[in-house]
Structures are given as C-alpha cells and as structure tokens.
There are 2 protein chains.
Amino acid sequence: MKKEKSESILETAGRMFARYGLKKTSIDEIAQLARVAKATIYNYFGSKDRVYLEVLKREVNEIIDRISVSVVREKLTEKKLAAYVKARFKYMGSALNILNLEREGCEKKPPEAGIIRNELFEREVQLIRSILNEGMENGLFYLNDVHLAARAISHAFRGFDQEGMFQEHTEKIDNYLGELIRIIFSGLRAR
Amino acid sequence: MKKEKSESILETAGRMFARYGLKKTSIDEIAQLARVAKATIYNYFGSKDRVYLEVLKREVNEIIDRISVSVVREKLTEKKLAAYVKARFKYMGSALNILNLEREGCEKKPPEAGIIRNELFEREVQLIRSILNEGMENGLFYLNDVHLAARAISHAFRGFDQEGMFQEHTEKIDNYLGELIRIIFSGLRAR
DNA sequence: TTTTATACTAAAAAATAATTTTAGTATAGA
DNA sequence: TCTATACTAAAATTATTTTTTAGTATAAAA
C-alpha cells in the first residue's frame, strides 16, 4: 500500500522530469498523473527537490545495478571489463533523467544533484576496482596501485560520454571502445 | 599595417570574449579598445560571428601548436605520448575562449563553432596517430589499426576534460594521467 | 492513521509593454 | 584604406502586471 504510492509518485515524476525538465514539471501535475493527492507527495518527500533527488538516486542505482548484472554474468575476468564498457555505454545512453536533464540542462538543479552524480562515478570506480582486484588475484593482471588504476580507467571511459557521442553510429563507438579495451588489456608495447 | 590592425582586433576580441562571453561583448567595445573604427572590423571580418570564429580558430591552432612543440621536443617515442598528455591538459586547461566560453557557456554560439571544435579533436587524433606510427616504425609499438587506436585513445583522454577536473588538485590528475599512460603502454596483463 | 480534496499565500515564473543596446550599413572626409 | 559619425531595424534589457506554482493548513473520508 504505502510502497505503491511512493512508487507511483516517483515513477511518474521520473517520466515527467525526463520529458519536460525539472522546472517545467509541477507537483500538481505529478499528483494528478500519479492519482495521488498533492499533500501525499509532501508527506512522503517533503519538497519538490527531494522528489527529484529521489528519482535521481533511483536512476543511479538502476544504472549501476544493470551494469553490475552485465559484468557478473561473465565468468572470465577478461570478459568482465569488456562487458562493463559495453553495458556502461548502453545504459548511460538510455538513462533518461541524469543524462537528458543533466547534460542538456542549463537548468538550476539542487546542489545535492552533483553529489549524487559523483556517487555514480565512485560506484563505477568501485566496480572497475573489483574487476581489477579479481584479475590480480587470479594472476591475470599486474598493477602497482589498483585503486589509482581504477580511477584512471574510469575517467578514460567518461571520454565517450560527450555530447555528440550518443547519436553517432553505435557501430563506430563499439569499434573505439573495443580498441580501447584491447589497448588497456595488452598495451601498446610490442612483445 | 594591414596585419597589425586585424591582429589587434582579434587579440582584444579574444580577451573580451574570454572575459565577458560572446553576447556581452559588443563590436563597438572591441573597436574602441582595439583603437580601430567599427567599419574596419566589418571590412576585415564581415560580421561579429566571423570575428568570433576567427578567434576560435586561432586559439585551436595555438593549442595544437603548443602541444606539438611539447611532443616534438621529446626524442624517445615512449616519452612523446606522456608529453602529449601533459601538454594537452596544461594547454586545454588554460585555453581562454574555447573552454571558458564553450564549457561554461549556455550561450548560443554560431554553428560553425562546433565544426572548429571537431577540427581540434581531429588534429589531436592526427597528433596521436603520428606518435603511434613512429612507435610502429621503430618497433616499439604493435597495433592492428593505428587510426582506430588513435581515435580510441583521443576519446579516452577527453574523459579528463570534465567540468570539475580543472580545479581539482593538479597533482591528483597527474597521478591519474600517469597511471593511464602506464596502462596504455604496458596493459593490464601480467607478463 | 493515512489519504484526499480544497483553499490559501508568498514567491517565483510567464507574459506584456516600455526602453535601451547593439549588429550591421551608409556616407563623407582624412 | 581607414576613421568618424549617423542611422535603422532587430535584439536585449528593464520595469510592470498577470499567472502559475511550491508549500501549508484543514476538514472530511478511507
């Protein structure tokens, strides 16, 4: 009961933020479309900003979860990193709120939004780090500083998030990402 | 004579665009500060947008030139890539117009601005490609597809351009970049 | 208790109108 | 070739009014 209400609120809020942006979506509209009284929204979340942040948080969690699933599905460590990259690009690209709003938006968002965005990055680092650690444990990888490497690699992958990227031909990007993975695995050095 | 005029115009225009943005800089002000008649600016450049694009173009050339110098200065191919990354971060970070305007700006810029930005990227790719080719020729590197690799690596470096990056402690970023270079050279794989 | 429907207010946004700046042109003279 | 000046139509800015909206309160219903 209780869960269904807040679920419904966040769901419709998410859809509307994605479509019309934060500012152009009113609490009254959300209440109407979610078939909930306005007061209920304030009972649950207290303010419009907190509704937005909750939506954002859930989206971040969903992205990370989906990427994690794609990674864990692979048995071989060497395939996990490739799976990570592929899933990352796929789910980041279709993430409605964070990207369509955060990227496009010259909108004023609550300051906590930046914190949540950073959380996403940190969790990406965490995921990569776990892959690298696994590789270290089974002797596949060798690294002096796993944490540093994880951060460096995370930053590198962000280079593919840029504006123009997501509408470019997916095939091309797959090529770039594939090549980057290959380089990250084997390096440039001739053996 | 002729050169000095247009030089002076572009120089002051560049400074003002960087400080106040494209929209908040007027041609009249530029003329005044450059000690040039307004009509002269229109004689040389024809429109405000073209003044801006010229400024942008020169800035792109300057960035690439400076990075190139830093790269060419190194004798060893293996040091060239590291020099590239270091110089790239240094000069991109302090690039007045493209970055301070392009990054910050929710300003409407003429569509050609995007083309020039792409040119910068293509020239970065070109530079990296020349380094990789050199490495291939002297047997240091091995790659199936140099061009693809150059593009992939270029994208990866862009991951460090992000908003928050340039005010973070330079030391940290140097660490990340250094680690990334190490990985790109040697790969993750244990030998 | 929890939710709803309604009514309300202060603040923000949107719309409108009045005013000022500014891009771009023309011209006459140095 | 460049300057100084004057000009205009369009855009930007400002000031003002109107509408919308976030957030609260309340009383009744579930």
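Letters A, B, ... are given to chains in the order of the sequence lines, protein chains preceding strands, and every chain is numbered from 1. From a predicted model like this one, the values you see are computed outputs, not experimental measurements.
Annotation for E122(B): atom CD counts as buried by contact number, over 12 foreign heavy atoms lying within 6.0 Å.
The separation between K108(A) atom NZ and dT21(D) atom P is 20 Å, rounded to whole Å. Atom CG of D28(A) is separated from atom P of dT4(C) by 14 Å (rounded to the nearest Å). In this structure, CD of E107(B) is placed 17 Å from P of dA11(D), rounded to the nearest angstrom. For the pair Q32(B) CD and dT5(D) P, the computed distance is 12 Å after rounding to whole Å. Taking atom CG of D49(A) as the reference point, atom P of dA12(C) lies 13 Å away to the nearest angstrom. A straight line from OH of Y42(A) to P of dC8(C) spans 18 Å, rounded to a whole angstrom. Rounded to an integer number of Å, the gap from E4(B) CD to dT1(D) P is 17 Å. Atom pair I30(B):CD1 and dT22(C):P shows a separation of 11 Å (rounding to whole Å applied).
Of the listed residues (N144(B), L143(B), I153(B)), just one forms a side chain to side chain contact (heavy atoms under 4.5 Å, CB included) with E179(A), and that residue is L143(B).
Judged by closest nucleotide on DNA chain D, V36(B) is the one of K48(A) and V36(B) placed further toward the 5' end. The 5' end of DNA chain D is approached more closely, in terms of each residue's nearest nucleotide, by R35(B) than by the other of R35(B) and K38(A). Along DNA chain C, the nucleotide nearest to N43(A) and the one nearest to K23(A) differ in position, and the one closer to the 5' end is contacted by N43(A).
No donor-acceptor pair closer than 3.5 Å links the side chain of K80(A) to the backbone N or O of G135(A).
Set against dC2(D), dG24(C), dA22(D), the side chain of K5(B) has dC2(D) as its closest nucleotide. Residue I27(B) places its side chain closer to dA23(C) than to any other of dT13(D), dA4(D), dA23(C). Considering only the side chain of S26(A), dT21(D) comes nearest among dA4(D), dT21(D), dT4(C).
Side-chain N/O atoms of T40(B) include none lying less than 4.0 angstrom from OP1 or OP2 on dC2(D). Of the side-chain N and O atoms in Y44(B), one or more sit less than 4.0 angstrom from OP1 or OP2 of dC2(D).
Side chain to side chain, E134(A) and T77(A) meet the donor-acceptor criterion of an N or O pair below 3.5 Å.
Ring planes of Y52(A) and F17(A): perpendicular class, angle over 60° (limits at 30 and 60°).
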